[in-house]
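Inspection log for the structure reproduced underneath, given as C-alpha cells.
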Amino acid sequence: MVSLARVSAGRGSDLGLKVAGIAVALLLVELCTRSGLLPERWFPPAGEIYAEFFRLAGGRPLWVEIGRTLLGWATGLGLGAVLAVPIGMALGSSRTAYRLSRVVIEFCRPVPPVALIPLTVLVYGTDLQTKTFLVAFAVFWPMLFQTIYGVQDVDPVAIDTARAYGLGTFARFRTVVLPSATPYIATGLRISSSIALILAITEELVVGTPGLGRAIIVAQSAGDPTRMYALIIATGLLGWALNAAFGALERRVLSWHPAQRQEVAR
Amino acid sequence: MTRTAIGTAAGGRTRPAAGGGTRRWGRALRLLALQLVVPVVLLAGIWWWTGQAGSFYFPPASEVARYFADLWLFERVGGDVLPSLGRMFAGYAIAVVVGMVLGTALGLSRLLRTAADPVVQFLRALPPPALIPFALLLFGAGDWSKVFIIALGTVWPILLNTIDGVRGVESQLLDAARSFQIPAGARLTRIVLPAATPRIFAGMRTSLSIAIILMVVSEMVASDNGIGYFVLESQRSFAIPEMWTGIVLLGVLGFVLNWLFVVMEARVLFWHRGLKGNSDA
C-alpha cells in the first residue's frame, strides 16, 4: 500500500539537528523577505507574521474558524468511513460481490472529487452539507480499498482454525476477520484524514463556506498579507497535528500485531 | 492473493481440475459478463431516470451527451483542455524531478534527513490549496502560479517514498558493491535507484491524483481558461448540461490518466512484478 511513512524516528540526540533544521528554514524565509528578493508589499518580514500568528492564536476568532473547518472535516470523514467500512467488508468477503462492483469502483475512484464542487453547490447550497458531502466522497475510496485489502488479507489458517473449532460465521467475523482488518482501517483513516482536510479547505476557498480556507481568501482580498500568512501557518499546524494524532492512533492499533503485519507488508 | 489461493483450493475439490480449452474460455466470458452487468444496468438506469425525471439539476443524459459532443469534440480542446493538461504535466514533472533528487539526497544522508524532518512534516501537512493565495501574490494569475501549486502539492508523496525506497536498499547489496570497488556514482544509478523505483512509482501514483485535483482547484480560484474554470463558470451561469459535460470530462480524464500510469508502471517495473511473483492472477 502507498504509505506516507514517517521519515525518521529520531530520538534525543536528533533534537538538536531538528531544531537546527527549523532555524535554517526560518532564517532563509527571513533573509528572502529582508533582502527584498520578494517584494515587501506582499511579503512582510517573517517576524511580523509570527507576531500576528501568536496574536491570532491568543484570540477567539481563529479558534472559531478552526472549529468550523474541523466540523466539516469530522462529519465528512465520519460519513465516508461509516459508508465505506461495511461496504468494504462485504466486498472483501464475497468474491462475487467484488467482481460485480469492480468496474464501477475502478471507474469512480479516479474521479477528482473537486469536479463535483459545482454540482454540490447547486444541490446543497453553500453550507456544511456541501463540505460534508465533498469530504465524504473523497474519503470513501481510500477507506473502501483499505477495508477490502484488510479483509482479503486475513490469514487463511486462522479462518480454517476458527472453522475447525466450530465457530459460526458471525463469531469468525468478530474474532478473526475484524481484528485482523483493523490495522488496515486505521491506516485508511490516517490517509483519509489529510485528504479530508485538503477537501475541507478547498471547499472553503472555492465555495466560501466559513472556515480557515475562507479566512485566508478574505485576508488576501482585504490586502492583509500578514494575516494571510499567519492563517496559512495555522492551517499547516492543524494538518500536522491531525497527522500526528492519527499516526499515534495507528501505532497503537498496530502494536499488538507487529510481526504479522510486517509479513503482509512484504 | 491469499483469497485466490483459498478459492481455487476449494474449487478444486468440487470441480475437475483440468477443464480443457473451451471450458476455460467459457469461464472467462462468464467472468467478463459478471463484471459488466452492474455498469450496464447502472448506465441504463441513469439514462432512463434522468430522461423522465425532468429535474433541473440532473438533465437527461442524452442531452448531456449531445452537449458533450458539441463542446469537447473538439471545439474547446485547444482553449481549455490543453492549457489544463499542460499546466498539470509541467507541475507534475517538476515535482517528480525535485522529489527524486531531494529524496535521494535525504535518503542517503541521515544528517540531512533528521535536520529536514520537521520542515518536511510541516510542509507536507499543509493542505496545498491553502497556498493558492500565496502563489497568486508570487506569480500573478497566469500559468505559473498554477504550475507552482501543482508542483508544491505533488512533491511530498514522491519525496517521502523516494526517501523510504532509498533507505530500504538491502545493505548487503551495497556492501558487496563496495567490496567490488564500484564507484559511488555507479552504485547510485545501478543499485540504489533501481531498488527504490517501485516505491518512487507508488509515490508518483498518489501524486498523480493530487495533481488532477490541484489542476481543477487552481483553475476554479483564479483563471480565465481551463476545465475547472469552465465547470465553475457553467454552474454560475446555470448552464447545467454544460456543467455536467465538464464533470464527465474530468472523470474520464482522471480515469484515463490513471490507466496510462498503470500501463507505464507495468512496463517500467516488469522485473519487479516477476520477482515478487504477484502478477495479479
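All chains are named by letter (A, B, ...) in the order of the sequence lines, taking the proteins before the strands, and each is independently numbered beginning at 1. Keep in mind that what you see is a predicted model, and the values were worked out from it rather than measured.
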Point-to-point distance, once rounded to the nearest 0.5 Å, from OG1 of A:Thr120 to CD of B:Gln235: 9.0 Å
Between CG on residue B:Asn258 and CD on residue A:Glu106, distance to nearest 0.5 Å: 8.0 Å
Nearest non-hydrogen partners of B:Ala125 and A:Trp240, listed with the distance: CB-N, 3.3 Å
Residues 38-45 of chain B: residues contacting chain A (heavy atom under 4.5 Å, by number): B:Val38, B:Pro39, B:Leu42
Aromatic plane relationship, B:Phe255 with A:Phe107 - under 30° parallel, 30 to 60° tilted, over 60° perpendicular: tilted
Structural part of A:Ile201 lying under 4.5 Å from a heavy atom of chain B: side chain
Nearest heavy atoms of B:Thr114 and A:Lys18, plus distance in Å: O-CG, 3.4 Å
Residue pair A:Ala25 / B:Val119: nearest heavy atoms and the distance that separates them: CB-CG2, 3.7 Å
Which atoms of A:Tyr229 approach chain B - backbone, side chain, both or neither, heavy atom under 4.5 Å: side chain
Nearest non-hydrogen partners of B:Pro129 and A:Leu205, listed with the distance: O-CD1, 3.0 Å
Heavy-atom closest pair, residues A:Val114 and B:Val217: CG1-CG2, 3.4 Å
Which atom of A:Leu119 lies closest to which atom of B:Trp244, heavy atoms considered: CD1-CZ2, 3.5 Å
B:Ala116 portion near chain A, given a 4.5 angstrom heavy-atom threshold: neither
Contact check, side chains of B:Leu250 and A:Val111, non-hydrogen atoms, under 4.5 Å: no
